Amino acid sequence: MSPVPEPDEGLPTNNTPGQGKSAFDCPRCGAFAHQTWQSLQVRLSGGLGDYDDSRLVSGCWSASRCAQCKEWSTWREERLVYPAAGIVSVPHPQMPGEAKDLYEEAREVLGISRRAGTALARASLERLLRTLDADAPGNANLEMRIERISDKIPEPLAQMLTVIRVAGNSSLHVKDMPDDLMVFVLDPDETEVVDMIFESINELVEELIAKPTKVANLYAKVPESIRSRIEQDKNK
């Protein structure tokens, strides 16, 4: 292996893993960490028996090593090959179990099939909303569930949840000509919308689980006399 050139200063500054970036969220451990890069030579072999026509291929393969966990990730040109799940954010630590399992499965298959990854992301969102809104009618569809919580979250997040719903529906209904949104999602040169799909699910957990839990824990530390006075003022 030999060192690859130093990363470009003009590369994106977000935390999403990207070929040549000096730091990003590690695909192996999830920590935002410095990355060192090495170019790779890959031996391709097509030999049979004693005949060997193997050859070394270089130039398009590279590896990044995380300063935090010391593990390697493998890239072919700008595509993260291993681990496949590393192309989007890890699930929020407070994401409920079943929604988290679907989210992880979506991450795993995304590198192989964006269509399948998008469909599973939609399933993760629906499972999350079922957990968060236990009072919703049992027959409520995803559109209804998003509408029920839309006044509790920022409007841009509600809009992204609708994008997840529409993209997930489109991924499940294969047509001769995919709609405009699905063309956008499936475009190998377009990563921003896929990143936002997964980031929005994490943001929903942050808004409706993590932040209320943090506030409740802080409120519990307020002296009882102050809390009693607040409750009395509320009931006036």
Side-chain angles (χ1 to χ4, degrees), residues 1-46 54-92 103-122 124 160 163-164 167-168 170-171 174 178-203:
M1 297 191 297
S2 59
V4 295
E6 287 297 317
D8 254 353
E9 292 183 0
L11 287 168
T13 57
N14 62 38
N15 295 358
T16 304
Q19 207 281 338
K21 292 173 66 174
S22 60
F24 47 69
D25 289 341
C26 174
R28 305 298 296 273
C29 69
F32 179 75
H34 177 72
Q35 304 289 326
T36 55
W37 288 86
Q38 297 282 328
S39 62
L40 300 178
Q41 287 186 322
V42 178
R43 183 175 294 278
L44 301 179
S45 178
S54 63
R55 61 193 184 281
L56 290 175
V57 177
S58 60
C60 61
W61 291 86
S62 60
S64 56
R65 192 186 192 201
C66 173
Q68 181 72 25
C69 67
K70 311 302 182 185
E71 296 290 346
W72 292 91
S73 300
T74 307
W75 300 73
R76 188 177 189 277
E77 296 179 340
E78 297 182 358
R79 179 183 178 186
L80 179 61
V81 177
Y82 180 81
I87 59 179
V88 293
S89 303
V90 297
H92 193 290
Y103 184 102
E104 287 283 23
E105 188 175 353
R107 292 178 72 235
E108 290 290 343
V109 305
L110 188 65
I112 302 170
S113 169
R114 287 197 179 191
R115 188 183 298 276
T118 303
L120 284 165
R122 180 200 180 282
S124 173
M160 274 307 303
V163 170
I164 297 172
S170 297
S171 68
V174 181
D179 59 34
D180 292 342
L181 178 58
M182 206 63 221
V183 169
F184 196 41
V185 169
L186 296 176
D187 184 351
D189 296 324
E190 175 55 56
T191 61
E192 188 174 7
V193 68
V194 175
D195 293 341
M196 284 301 299
I197 284 174
F198 285 83
E199 288 173 10
S200 296
I201 298 174
N202 277 335
E203 187 179 346

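We count residues from 1, following the sequence as given. Please read all numbers here as calculations on a predicted model, not as lab measurements. The figures that follow rest on heavy atoms only: side chains count, while hydrogens, waters and symmetry mates do not.
Every residue was checked against the salt bridge (Lys or Arg N to Asp or Glu O under 4.0 Å) condition with E78, not counting sequence neighbours, and none meets it. Every residue two or more places apart in sequence or in another chain that forms a side chain to side chain contact (heavy atoms under 4.5 Å, CB included) with A31 is listed here: C29, Q68. E199 meets the side chain to side chain contact (heavy atoms under 4.5 Å, CB included) test with T16, S89, D195, M196; sequence neighbours excluded. A search for side-chain hydrogen bond (donor to acceptor under 3.5 Å, both in side chains) contacts involving S124 returns nothing, not counting sequence neighbours.
At a threshold of 4.5 Å between non-hydrogen side-chain atoms, the residues Q35 and S22 do not count as touching. Using a 4.5 Å heavy-atom threshold, the side chains of V90 and R107 count as touching. In this structure, the side chains of E71 and C26 stay at 4.5 Å or more apart for every pair of heavy atoms.
In this structure a side-chain-to-backbone donor-acceptor pair under 3.5 Å is missing from R122 to I164.
Note: T36 OG1 to H34 NE2 = 6.0 Å, rounded to the nearest 0.5 Å. To the nearest 0.5 Å, atoms CZ (R76) and OG (S62) are separated by 11.0 Å. Distance check, rounded to the nearest 0.5 Å: CH2 of W61 to OG of S39 gives 13.5 Å.
Ring geometry, W37 versus W75: the interplanar angle falls from 30° to 60°, so the pair is classed tilted.
Closest non-hydrogen pair, E105 versus L120, comes out as CG-CD1, 3.7 Å. Of all heavy-atom pairs between G117 and F198, the closest is O-CZ, 4.1 Å. Minimum interatomic distance between D25 and F32 (heavy atoms only, all atoms of both residues): OD1-CB, 3.4 Å. Pairing each heavy atom of T74 with each of L80, the nearest pair is O-CD1, 3.5 Å. Here the closest non-hydrogen pair linking S73 and R28 is OG-CG, 3.7 Å. Shown here for A121 and I201, the closest heavy-atom pair between the two residues is O-CD1, 3.5 Å.
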